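What follows is one structure encoded as structure tokens, with my remarks underneath.
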There are 2 protein chains.
Amino acid sequence: MRVSQPLSPLTAHLGYWMRLVSNHVSHGFARKLADRDVTVAEWVVLRQLYDEDALAPSRLAERLGMTRGAITKLADRLTAKALLMRTDHPDDGRAQTLALTKQGRRLVPTLAVLADENDAAFFGHFTPDERSRIEQFLKAIVDRHGLTDVPVS
Amino acid sequence: MRVSQPLSPLTAHLGYWMRLVSNHVSHGFARKLADRDVTVAEWVVLRQLYDEDALAPSRLAERLGMTRGAITKLADRLTAKALLMRTDHPDDGRAQTLALTKQGRRLVPTLAVLADENDAAFFGHFTPDERSRIEQFLKAIVDRHGLTDVPVS
DNA sequence: CCTCGTTTGTTGACTAGGAAACTAGATCAT
DNA sequence: ATGATCTAGTTTCCTAGTCAACAAACGAGG
């Protein structure tokens, strides 16, 4: 005879609901980006370089919480699409610097529209007050745990 | 001369903060599970079968929003670890049914403790009132978009 | 100098999943 | 009965990451 004690259900955890919603927000965005042949990780890199203008791969890796190996491959893909350029550092023979191409720079604003739309689709029905409360909750966790990387997946 | 209009920052989106927090909650949990040689997806399957007792792979796939191919491989891994058993359906030659082994069943409660701890680590500092408000927000989105799958990644 | 340790980016082996083709078995319509 | 269609699970190929080993270049101490 087996008696299994009942456990608190998966749904008892806030993490469960967060992950559920977050996954759908991300996948929704990923689907929109896919029309433009861009992944979420690629979008984050593009958006980052739009502001930064030029950045070393290793800095980018820290920023996004990814390995340098992943950045190498990401950069490969983006240069293959002619959205990004590698330049060797003039003084340091090891280092490179990544920057958007003209096309890359031109693409970012249109993708930003998709990002705005996606966020609105999921959070737009909340009042501004509710939205800022949610943001407070989330930022409280971010602060408390010292989370700094830009989420990519 | 290039004039690039400033865009709303990544951080303007609630989706950004959700993904940041959610990723860390998941990865935190994944790290705890890794000590027991279990992945998050495996945990979800184990937990699901703990309640269900037996389930067809295809039902599981629907439940978790994964492909049947992924379930095949997941089940392979779990049977290799002797946590799960496949049984052929007596009447239907195509069908199987998945169930936990004794060891699998024994493992789930200890993993459930990890899940509880992880959730507490990230959300425990909120008051019960705040927590239920967060849950309301999240469930509102879930309802509005009809999200039903158990999030795995 | 020159050597030792460090940093930079790349590579190869591996993992977990998706998409779609595939096999085998069931069901259904004649 | 039997051919067509559908369903269940598997397999193959692909993608996008990690991890760890690596080569090249730098920098600091003797």
Side-chain angles (χ1 to χ4, degrees), chain A residues 19 23-24 26-31 33-34 37-46 54-81 84-99 149-153, chain B residues 19 23-24 26-31 33-34 37-46 54-81 84-99 149-153:
Chain A
R19 200 161 73 238
N23 282 356
H24 279 274
S26 275
H27 289 158
F29 187 35
R31 246 177 290 119
L33 286 176
D37 195 32
V38 172
T39 69
V40 176
E42 287 166 9
W43 152 250
V44 173
V45 169
L46 295 175
L55 208 50
S58 46
R59 300 298 128 260
L60 206 47
E62 291 168 7
R63 211 67 78 85
L64 308 192
M66 297 174 71
T67 62
R68 286 168 306 163
I71 298 296
T72 295
K73 293 163 192 170
L74 239 171
D76 286 348
R77 270 142 49 204
L78 286 170
T79 53
K81 295 181 195 169
L84 182 142
M85 287 174 38
R86 285 186 167 106
T87 320
D88 290 337
H89 192 288
D91 303 335
D92 188 336
R94 300 163 298 179
Q96 304 175 350
T97 174
L98 303 178
D149 58 291
V150 176
V152 151
S153 59
Chain B
R19 199 161 75 236
N23 282 356
H24 279 274
S26 275
H27 289 158
F29 187 36
R31 248 178 289 119
L33 286 176
D37 196 31
V38 173
T39 69
V40 175
E42 287 165 10
W43 152 251
V44 173
V45 170
L46 295 174
L55 209 50
S58 46
R59 301 297 129 258
L60 206 47
E62 290 168 8
R63 211 69 77 84
L64 309 192
M66 297 174 71
T67 62
R68 286 168 306 164
I71 298 295
T72 295
K73 295 162 193 170
L74 240 170
D76 286 348
R77 268 144 45 204
L78 286 169
T79 53
K81 295 181 195 169
L84 183 142
M85 287 174 37
R86 283 186 168 105
T87 321
D88 289 338
H89 193 289
D91 303 334
D92 188 335
R94 301 163 298 178
Q96 306 174 349
T97 173
L98 303 178
D149 58 291
V150 176
V152 151
S153 57

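A, B, ... follow the sequence lines: proteins, then strands. Residue 1 opens every chain. What you see is a predicted model, and the numbers here were worked out from it, not measured in a lab.
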For this session: Determine the contact category for B:D76: base if any of its heavy atoms lies under 4.0 Å from a base atom, sugar-phosphate if only primed atoms, P, OP1 or OP2 are that close, otherwise nothing.
Result: nothing
Seminar exercise, completed: Of B:A75 and A:T67, the one whose nearest nucleotide on DNA chain D sits closer to the 5' end is B:A75
For this session: Over all heavy atoms of both residues, which pair between A:V40 and A:F29 is shortest? Give the atoms and the distance, please.
Result: CG2-CD2, 4.3 Å
Problem set entry | Between D:dA8 (P) and B:E62 (CD): distance, integer Å | 8 Å
Problem set entry | Spacing of A:R31 atom CZ relative to C:dA19 atom P, expressed in whole Å | 11 Å
For this session: Establish whether the base of C:dG9 is bridged to the side chain of A:R68 by a donor-acceptor pair shorter than 3.5 Å.
Result: yes
Exercise. Is A:K73 side chain donor-acceptor paired with the C:dG9 base, going by distance under 3.5 Å alone?
Worked result: no
For this session: Take the protein atom CG of B:D91 and the nucleotide atom P of C:dT27, then report the distance between them rounded to whole Å.
Result: 9 Å
For this session: May I ask you to test the B:R86-B:D76 pair for a side-chain heavy-atom distance under 4.5 Å?
Result: yes
Exercise. What nucleic acid atoms does B:S58 come within less than 4.0 Å of, heavy atoms only: base, sugar-phosphate, or nothing?
Worked result: sugar-phosphate
Exercise. What is the distance from CG of A:D37 to C1' of D:dA16, rounded to the nearest Å?
Worked result: 14 Å
Exercise. To the nearest angstrom, how far is A:L98 atom CG from C:dT10 atom P?
Worked result: 9 Å
Exercise. Hey, does A:D88 reach any base, or is it just sugar-phosphate, or nothing, if we go heavy atoms under 4.0 Å?
Worked result: nothing
Exercise. Hey, are the side chains of B:P57 and B:T72 touching, using non-hydrogen atoms and a 4.5 Å cut-off?
Worked result: no
For this session: With the side chain counted from C-beta on, respond yes when B:R63 and B:L55 share a heavy-atom pair under 4.5 Å apart, and no when they do not.
Result: yes
Seminar exercise, completed: The nucleotide from C:dG9, D:dT11, D:dA25 with an atom nearest the side chain of B:T72 is D:dT11
Exercise. What nucleotide, of C:dT6, C:dG18, D:dG17, holds the atom closest to the side chain of B:A70?
Worked result: C:dG18
Exercise. For the side chain of B:R77, counting heavy atoms from C-beta on, which of C:dA16, D:dG17, D:dG9 is nearest?
Worked result: C:dA16
Exercise. Quick one: B:R59 CZ to D:dG9 C1', roughly how many Å, whole number?
Worked result: 12 Å
Exercise. Tell me, do B:H27 and B:H24 make a side-chain contact under 4.5 Å, heavy atoms counted?
Worked result: no
Exercise. With a non-hydrogen cut-off below 4.0 angstrom, is B:G69 in contact with a base, only sugar-phosphate, or nothing?
Worked result: base
Seminar exercise, completed: Ranking C:dA16, C:dA26, D:dG9 by distance to the side chain of B:R94, first place goes to C:dA26
For this session: For B:I71 and for A:A41, find the nucleotide of DNA chain D with the closest heavy atom, then tell me which residue's nucleotide is more 5'.
Result: B:I71
Exercise. In whole angstrom, what separates B:M66's CE from C:dA20's P?
Worked result: 17 Å
Exercise. For B:D92 and D:dT7, what is the distance between atoms CG and P respectively, to the nearest whole Å?
Worked result: 12 Å
